[in-house]
Amino acid sequence: MTEHTNPTAKLEIDGKTYELPIIEGTQGDRAIDVRALRQNTGLVTYDPSYGNTGSCTSNITYINGDKGTLWYRGYSIDDLAEHCTFLDVAYLLVHGFLPNRKERANFSQLMNTHSMLHEDMRHFFNLFPEHAHPMAMLSAMVVTLSTFYPEMVANPDESIDITVTRLLSKIRTIAAFAYKKMKGHPIVYPRKDLSYCANFLNMMFWTPVNDYKPDPVIVKALNQLLILQADHEQNCSSTVVKAVGSSGANLYASISAGVSALWGPLHGGANQAVIEMLESILSDPTLTVQKVIERAKDKDDPFRLFGFGHRVYRTYDPRAKIAKKICHTIMTHLGVKDSLLDIAQELEAAALADPYFQQRHLYPNVDFYTGLSYRAIGIPTNMFTVLFAIGRLPGWIAQWLEMRDGTEHRIYRPRQIYVGPDQRKLDKNWIQ
Ligand code: CMC
């Protein structure tokens, strides 16, 4: 970030002029620095949902919402998805650089060493009701890790590397155990001879009566899908992770909160909602694509076209473009024909041709095609957001570390404009 001394914004309040510094990022993003505003003027800024608020400076992820570009640590998402594994990208996000051969081998070894869960944790899965959503299990189990590894709570600085390693490795095991719990199948332990994604697929799909062998094409596709979801700068769940961490709460607690934030259908839960929306069109002959579009446009109806629209992108989400290709690759490779893909493409074409979506710059986002890809692999719909969480974990960790180590770090604490009643006198007999 280059900090200019010259450019300033002038603000006039009650006849008095204040100069506010303008800061500029490396890619030309500009912001008015309002840090001293309240101290100098007594006023705060008002920005519900933070649509115009830059909450930090960051050197992790860059998005250009008008051009539809996305970089992690300066590398484009297209290059990373094509040439790296998910573990390479996790390393890149957390450490700031891509691993060399030796670092890559060590990191992969660490992922294997720490992949098991404490045996006592295994029993917790039995206590959830059968219909428990795996995102609830994931969030609960991630914070539960802090009870098995209390050193992070006691001495966060010394144990950070091992905590990061444990989280990245064990999240797959937790996710797969949650799936086995839902299926009522015996859990499958991680294996030391399998790569990060192959290991996860094996824990999901191996059973005593199905000697599952991870398919390299599917393993590559899963790596790519997780890369697409690995970070997205100050999104809702990353902001939650940082807000929780800003109070000094440990990394397990912060990530657990991030999982909960991701669960919502406006965020990571949209990949599940997309499939449910497509299924409802398929199962109801009276519900046409056009009717769904009309519903999404109706301001009296809270329904939205899931997998469409984004706070930052004003054009096609670059991740959606890659996800669409991956979806076709998986289906062609497996010889899968899914009617939901046909409906999705029909829906996409109808929305892109509709003035409502054109005027608002609403395009498919990452969630539109990732769910269809996961479905083709055989992952059930309610696990899609869990997959998103596995993908997003390195981003959450990188954002949390950057916040913790940054010079601007203070507890997150927005202000408000109170619009409630004036002070009232309490009637001592109010209860009668
Ligand atoms: N369907 C219909 N209308 C929409 C949609 C949609 N999917 N998205 C935005 N709009 C309309 C919105 O009603 C508003 O219209 P108007 O200007 O007439 O009031 C306008 O477009 C601007 O939308 P907004 O609500 O101000 O946008 P936002 O930045 O607050 O919300 C969003 C972004 C992603 C929550 C929203 O686009 C949405 O709800 N999309 C559907 C859910 C979804 O796919 N979420 C995944 C997002 S990408 C991955 C991730 O973040 O996890």
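Order of appearance sets the numbers: ligands from 1, and atoms from 1 within every ligand. Only heavy atoms go into these numbers, but all of them, side chains included; no hydrogens, no water, no symmetry mates.
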query = Is atom 26 (O) of ligand 1 less than 4.0 angstrom from some protein heavy atom?
reply = no
request  = Name the closest protein heavy atom to atom 51 (O) of ligand 1, giving the residue it belongs to and the distance to 0.1 Å.
outcome  = H267 ND1, 3.1 Å
ask   = Under 4.0 angstrom from atom 22 (C) of ligand 1, is there any protein heavy atom?
value = no
request  = Would you check whether N235 reaches within less than 4.0 Å of ligand 1, judged by its heavy atoms?
outcome  = no
query = Heavy atoms only: which of D367, V312, N365 is nearest to atom 49 (C) of ligand 1?
reply = D367
task = Going by heavy-atom distance to atom 41 (C) of ligand 1, choose the closest among F357, F308, F388, Y363.
result = F308
Within 45° cone of F177 ring axis and under 6.0 Å: R122 NZ or CZ = no
ask   = Looking only at non-hydrogen atoms, which of H310, Q359, K299 approaches atom 15 (O) of ligand 1 most closely?
value = K299
remark   = re atom 12 (C) of ligand 1, the protein heavy-atom contact at minimum distance is R304 NH2, 3.4 Å
key: CZ-OG distance between F107 and S169, expressed to the nearest 0.5 angstrom   = 9.5 Å
task = Verify whether one side chain among D231 and T61 offers a donor that lies under 3.5 Å from an acceptor in the other.
result = yes
message = I'd like to know whether the aromatic ring centres of F124 and H118 sit less than 6.0 Å apart in this structure.
response = no
note = the protein heavy atom lying closest to atom 29 (O) of ligand 1 turns out to be R311 NE, 2.7 Å
Polar proximity ligand 1 side, V366 side, N/O cut 3.5 Å exclusive = no
inquiry  = Below the 3.5 angstrom mark, is there an N/O of R319, backbone or side chain, next to an N/O of ligand 1?
reply    = no
task = Measure from NZ or CZ of R73 to the centre of the six-membered ring of Y75, then state whether that distance is under 6.0 Å and the direction lies within 45° of the axis.
result = no
ask   = Parallel, tilted or perpendicular for F86 and Y196, by the 30°/60° rule?
value = tilted
task = Look at atom 9 (C) of ligand 1 and say which protein heavy atom is nearest, naming residue and atom and giving the distance to 0.1 Å.
result = L362 CD2, 3.5 Å
query = With ring centroids as reference points, do F97 and Y91 lie under 6.0 angstrom apart?
reply = yes
query = Under 3.5 Å, is there a donor-acceptor pair between the T315 and D66 side chains?
reply = no
ask   = Distance only, no hydrogens: is a donor on one side chain within 3.5 Å (strictly under) of an acceptor on the other, for K324 and Q345?
value = no
ask   = Which residue holds the protein heavy atom closest to atom 7 (N) of ligand 1, what is that atom called, and what is the gap in Å?
value = L305 O, 2.7 Å
request  = Give yes or no for whether the N/O distance cutoff of 3.5 Å, strictly under, is met between G307 and ligand 1.
outcome  = yes
task = Please check if the side chain of E402 supplies one atom and the backbone of N59 the other of a donor-acceptor pair under 3.5 Å.
result = yes
ask   = Counting each atom of ligand 1 from 1 as listed, which ones have a heavy atom of G268 under 4.0 Å away?
value = 52 (O)
query = Heavy-atom distance under 4.5 Å between the side chains of L87 and R104, does that happen here?
reply = no
ask   = Tell me, do C197 and L226 make a side-chain contact under 4.5 Å, heavy atoms counted?
value = yes
inquiry  = Counting non-hydrogen protein atoms only, what is the nearest one to atom 11 (C) of ligand 1? Give residue, atom name and distance.
reply    = Y356 OH, 3.5 Å
inquiry  = Tell me the protein heavy atom at minimum distance from atom 17 (O) of ligand 1, and give that distance in Å.
reply    = R360 NE, 3.8 Å
inquiry  = Just to be sure I read this right, does ligand 1 sit under 4.0 Å from the backbone of F368, its side chain, both, or neither, counting only heavy atoms?
reply    = neither
message = Considering P265, G309, G264, C236 one by one, which has a heavy atom nearer to atom 42 (C) of ligand 1 than any of the others?
response = P265
ask   = What is the closest protein heavy atom to atom 2 (C) of ligand 1, and at what distance does it sit?
value = A296 O, 3.5 Å
task = Give me the ring orientation class for F125 and F128: parallel if the planes are under 30° apart, tilted from 30 to 60°, perpendicular past 60°.
result = perpendicular
task = Name the option, out of P302, A270, A320, that contains the heavy atom nearest to atom 43 (C) of ligand 1.
result = A270
